[in-house]
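The structure appears below as C-alpha cells.
Convention: sequence-line order gives letters A, B, ...; per-chain numbering from 1. For clarity, every value in this text was computed on a predicted model and none was experimentally measured.
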2 protein chains.
Amino acid sequence: MARKRFDNSNCSVARALNEVGDWWSLLIVLHAMYGTRRFVDFQQQLGIAKNILCDRLTRLVENGVLHKVDVGEHGCRYEYRLTDKGRDLFPVVVALRQWGDKWNPAPEQGPLDLRDKATSRPIRSVQVLDADGNPLDLRDVFVPEHTEGHG
Amino acid sequence: MARKRFDNSNCSVARALNEVGDWWSLLIVLHAMYGTRRFVDFQQQLGIAKNILCDRLTRLVENGVLHKVDVGEHGCRYEYRLTDKGRDLFPVVVALRQWGDKWNPAPEQGPLDLRDKATSRPIRSVQVLDADGNPLDLRDVFVPEHTEGHG
DNA sequence: TCAATTTGGTTTCGTAACGCAACCCTATTG
DNA sequence: CAATAGGGTTGCGTTACGAAACCAAATTGA
C-alpha cells in the first residue's frame, strides 16, 4: 500500500513531519540556512542523488519552505532560497543540532558555535521556557484538558 | 543500493536525523512524551504497521532514546519509556509543533497549549536566544571561521 | 561556428523500506 | 483447557530510494 502521509492528520507535528520529516528535507533546509542556494551545490554538499534532490526541492517549494528564483547568470539559472516559513525552522534545526552535539558528539567536530552578529557572543541553548524565562523539563509541563489532542 | 545512512556523517544534524529523522520515530517519541508506553497503544494511536513499529522501537532502544522495561503485569509485559536522551528531544518536538501550528494550522485543532505545572501559565515559544535572552533570527547569527563544518 | 562544459533535470533499473494481513508464542483470564 | 490479549515475526505486493545514463538549454572556448 501507499506510504502513509500525514497531510490531513489532526496532529501538527505529523503535518510538519510530512513536509520536512524525511531523510533529506531537513538537511536541505539546514544547508540552505548555511547559504547554499544552487542545485549542484546542494547535490555535492549532501551527496544526494539528483532525482531525489529534484523531488525534495520541488516538494519544499510546493510546501512554501523554499522558493525558486530564476537568476539569469552564466549557466547558473535557478536559486532555491528560504522563505519566511523555511527560516522559521531555525529553532528546530538548532535544537536538533544541539541534541546531536550532546548525545552523539563527533570526535572531530566540536559542538555548534553559533554567535550573535551584533555582539559575537555565543547563543544560548534552545530550551522550553516558562513565562518567566526559566527552563522547563518535559515533566514540568501539562496540557490543559480541553485542548488535548495529539493524534 | 542501500538507503543512505548518516551514522558516520560529520554533521551532527545528519547523525541526529539518522536516529529520529524518519517518518515514524519522532512521532513515537512525541507520543511517548504524552505518556504512551505500551506497544499496542503506540500501534493504535499512530495507526502504524506492527512490524514497522517493532523495528522503530527496537532502533530507538538501540540508540538510547527509549528503554524497554519488563513489567510483569496482567498481559502487558513490556513498557517503552523515554530515557534522558529521549526526554532531551523535548525542545525539538515543541519547536516542530509550534512551527506546524504556525504554518499549517489545523482548522479543528488550536495551537499547542503547554503549561507550567507550577504556575499553570503557558510556556514561551521556543526560540534561539542571544546571551541576554533576546530572540535571534537566522540572519542575526554567524559561525566563527575556525569551527565551520556542516557537511 | 562548432565542440566542450555547466546547470538542472528526467529515465531506467535494481534494491531497500513500507503497509497489510496472517500467523506464532507466551501469559493471563474464564 | 479454550479464549483472549500482548508482542512480535513472516510473506508478499507496492512504493521510495540510489546510481548511473541520458537530455536539453545556455555558456564558454577556440
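Atoms CG (A:L17) and C1' (C:dC18) sit 16 Å apart, rounded to a whole Å. As a whole-Å value, the separation of A:L60 CG from C:dG8 P is 16 Å. Rounded to an integer number of Å, the gap from CD of A:E79 to P of C:dG9 is 13 Å. In this entry the distance linking CD1 of B:I48 with C1' of C:dC18 reads 10 Å, nearest Å. The nearest whole Å value for the distance from the CG atom in B:L53 to the C1' atom in D:dG8 is 10 Å. The nearest whole Å value for the distance from the CD atom in B:Q44 to the C1' atom in D:dA5 is 11 Å. Atom CD1 in B:I52 sits about 17 Å away from atom P in D:dG13, given to the nearest Å. In this structure, B:F39 atom CZ and C:dC24 atom C1' are separated by 14 Å, rounded to whole Å.
The phosphate of D:dG8 has OP1 or OP2 within less than 4.0 Å of a side-chain N or O from B:Y80. Look at A:W24 and you won't find any side-chain N or O under 4.0 angstrom from OP1 or OP2 of D:dA16. Not one side-chain nitrogen or oxygen of B:R77 sits closer than 4.0 Å to the OP1 or OP2 atom of C:dT26. Between C:dT6 and A:R38, no contact under 4.0 Å exists linking OP1 or OP2 to a side-chain N or O.
Between the side chains of A:S25 and A:E19, no donor-acceptor pair of N or O atoms lies under 3.5 Å.
A:D41 pairs with exactly one of A:Q44, A:R37, A:R38 by the side chain to side chain donor-acceptor pair (under 3.5 Å) rule, that one being A:R38.
Contact check on B:D88 versus A:K102 returns a salt bridge, with a Lys/Arg side-chain nitrogen under 4.0 Å from an Asp/Glu carboxylate oxygen. Salt-bridge annotation for A:R124 and B:D132: absent, with no side-chain N of the basic residue lying under 4.0 Å from a carboxylate O of the acidic one. By the 4.0 Å N-to-carboxylate-O rule, B:D113 lies close enough to B:R115 to be salt-bridged with it.
Listed candidates were D:dT10, C:dG9, C:dT7. Nearest to the side chain of A:K68 is C:dG9. Side-chain proximity of A:Y78 to the nucleotides D:dT9, C:dG8, D:dA16 is greatest for C:dG8.
Judged by closest nucleotide on DNA chain C, B:D55 is the one of B:K50 and B:D55 placed further toward the 5' end. Nearer to the 5' terminus of DNA chain D, by closest-nucleotide assignment, is the contact made by B:V40 (compared with the other of B:V40 and B:N51).
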